[in-house]
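This report refers to the structure that appears directly beneath it.
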Amino acid sequence: MNATAEIAADERATVVDERMGITGNIPAVKIATWNVNSLRARLPRVLSWLATRSPDVLLLQETKVTDEEFPLAEIEAAGYHVARFGQKTYNGVAIFAKKPITDVVKGLPDDLPTSDRRVIAGTVDGVRVVSVYVPNGAEVGCDKYLYKLQWLARFIEFSRRELALGMPLVVAGDWNIAPDDRDVHDPVGLAGSILCSEPERLALTAVKALGFEDGFRKFNAEGGVYTWWDYRAAMFRRGLGLRIDHVLVNETAAALLEAVEVDKEERKGEKPSDHAPVVATLRQP
DNA sequence: ATGGTCGCGGAGCGA
């Protein structure tokens, strides 16, 4: 950006501020998604991240904690409302928000009481948000892989219902799918393998076709930006990751979207999650 | 990626 563009943006901000009768910056909403790989193991880092980045909404995956064992007091003390849908040991999703969370929906329409807890939706300040943890699938062709594809087919019906609410909609989480070769450190070596296979990519495309856009790709065309790096084999240090955490936005939310960024710094240091947070910035609806 | 690590729960599974 050159100096002229910066001045122009400043002038626009001033005009809008005067019209709205406020001073300071144009109100923006930060909505983040983060697979924390156990909320209890990650609690110090999550609290620190909330304090420094101050997102309006954080959508979490792999909390790995029951609703009873959830560290509710710590999150509320940090200034956040909580909606949670967890289970023992595996999976688990949650929403943290500075403003109240209403109209909460847990799970998919045809889930059983014993189903994996992988989806939670809620409304925060006029924006509908969904935290989603898509099954990993383990290996192409195995039972877990078939379960992943079936689960994504069921997620279509859930997404239709959410879109039908007619609100700005952000569906974000760990999709366990790298949409195309730009999202893979070794597209040739990993071609057709788990997280990259064509049926998985087509399943994600089918969800998007309902009326979503990949928020990151709205602003960034380049490859080599990743959100997950395997703990094994020093993959992060070697820069070998995949972009599998995505912020999908419907048309209304896309019109408000200003940026989507990966907080790669959060993958560094002591006891990181294997996923980095992804942060979307929207104008206030 | 030859394999390599985490988290949970207390061995082996899931990622």
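In what follows, chains carry the letters A, B, and so on, assigned in the order in which the sequence lines appear, proteins first and then strands, with residues in each chain numbered from 1. Every value quoted in this text rests on a predicted model; they were computed, and no experiment measured them.
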Residue list, salt bridge (Lys or Arg N to Asp or Glu O under 4.0 Å) with Glu74(A), at least two apart or on another chain: none
Rounded interatomic separation in angstrom, taking [atom1] from [X] and [atom2] from [N]:
X	N	atom1	atom2	answer
Gln61(A)	dA15(B)	CD	C1'	14 Å
Leu43(A)	dG7(B)	CG	P	13 Å
Arg45(A)	dG7(B)	CZ	P	11 Å
Trp229(A)	dC6(B)	CH2	C1'	16 Å
Glu270(A)	dG7(B)	CD	P	11 Å
Arg117(A)	dG14(B)	CZ	C1'	19 Å
Leu242(A)	dA1(B)	CG	P	11 Å
Asn136(A)	dG14(B)	CG	P	11 Å

Residue pairs passing the ring pair (Phe, Tyr, Trp, His ring centres under 6.0 Å) test where at least one lies in residues 26-85 of chain A, sequence neighbours excluded: Trp34(A)-Trp49(A)
Provide the distance between the two [atom1] atoms, one in [N] and one in [M], to the nearest whole Å.
N	M	atom1	result
dC13(B)	dG9(B)	C1'	11 Å
dA1(B)	dA15(B)	C1'	15 Å
dG3(B)	dG7(B)	P	23 Å

Protein proximity profile, nucleotides 8-13 of chain B - base contact B, sugar-phosphate-only contact S, no contact -, cut-off 4.0 Å on heavy atoms: SS----
N/O to N/O distances under 3.5 Å, protein versus nucleotides 3-5 of chain B:
residue: dT5(B); atom: O4'; partner: Tyr231(A); partner atom: O; Å: 3.3

side-chain hydrogen bond (donor to acceptor under 3.5 Å, both in side chains): pairs with one or both residues in residues 198-210 of chain A, sequence neighbours excluded: Lys148(A)-Glu200(A), Asp181(A)-Arg201(A), Ser197(A)-Glu200(A)
Asp116(A) side chain to Tyr133(A) side chain, donor-acceptor N/O pair below 3.5 angstrom: no
Tyr147(A) versus Asn136(A), side-chain donor and acceptor atoms under 3.5 Å: no
Which donor-acceptor pairs under 3.5 Å do the side chains of residues 167-179 of chain A make with protein atoms, sequence neighbours left out?
residue: Asp174(A); atom: OD1; partner: Asn176(A); partner atom: N; Å: 3.0
residue: Asp174(A); atom: OD2; partner: Asn35(A); partner atom: ND2; Å: 2.9
residue: Trp175(A); atom: NE1; partner: His246(A); partner atom: O; Å: 3.2
residue: Asn176(A); atom: ND2; partner: Val134(A); partner atom: O; Å: 2.9

Stepwise salt bridge (charged side-chain N to carboxylate O under 4.0 Å, His left out) check, Arg217(A) with Asp183(A): CA-CA 11 Å; Arg217(A) 284 290 174 224; Asp183(A) 306 312; 2.8 Å; yes
Touch class at under 4.0 angstrom, heavy-atom based, for Phe236(A) against every strand present: nothing
Residues that Tyr90(A) engages under ring-ring contact (aromatic ring centres under 6.0 Å, His included), provided they are two or more places apart: none
DNA chain B: 5'-proximal contact among Glu62(A) and Arg42(A) (nearest heavy atom): Arg42(A)
Please list, one pair per line, the donor and acceptor atoms closer than 3.5 Å that link side chains of residues 219-226 of chain A to other protein atoms, with sequence neighbours excluded.
residue: Asn220(A); atom: ND2; partner: Phe216(A); partner atom: O; Å: 2.8
residue: Tyr226(A); atom: OH; partner: His185(A); partner atom: N; Å: 3.4

ILVMFWY clustering at 4.5 Å (side-chain atoms), partners of Leu202(A): none
Sorted by number, the residues of residues 175-193 of chain A with heavy-atom contact under 4.0 Å to DNA chain B: Asp186(A), Leu190(A)
For Asn91(A), side chain to side chain donor-acceptor pair (under 3.5 Å) partners two or more places apart: Gln87(A), Arg118(A)
Would you tabulate the side-chain donor-acceptor contacts of residues 95-108 of chain A under 3.5 Å, counting partners in other chains and residues two or more places apart, or write 'none'?
residue: Lys98(A); atom: NZ; partner: Ser54(A); partner atom: O; Å: 3.4
residue: Lys98(A); atom: NZ; partner: Ser54(A); partner atom: OG; Å: 2.5
residue: Lys99(A); atom: NZ; partner: Asp125(A); partner atom: OD2; Å: 3.1
residue: Lys106(A); atom: NZ; partner: Arg84(A); partner atom: O; Å: 3.2

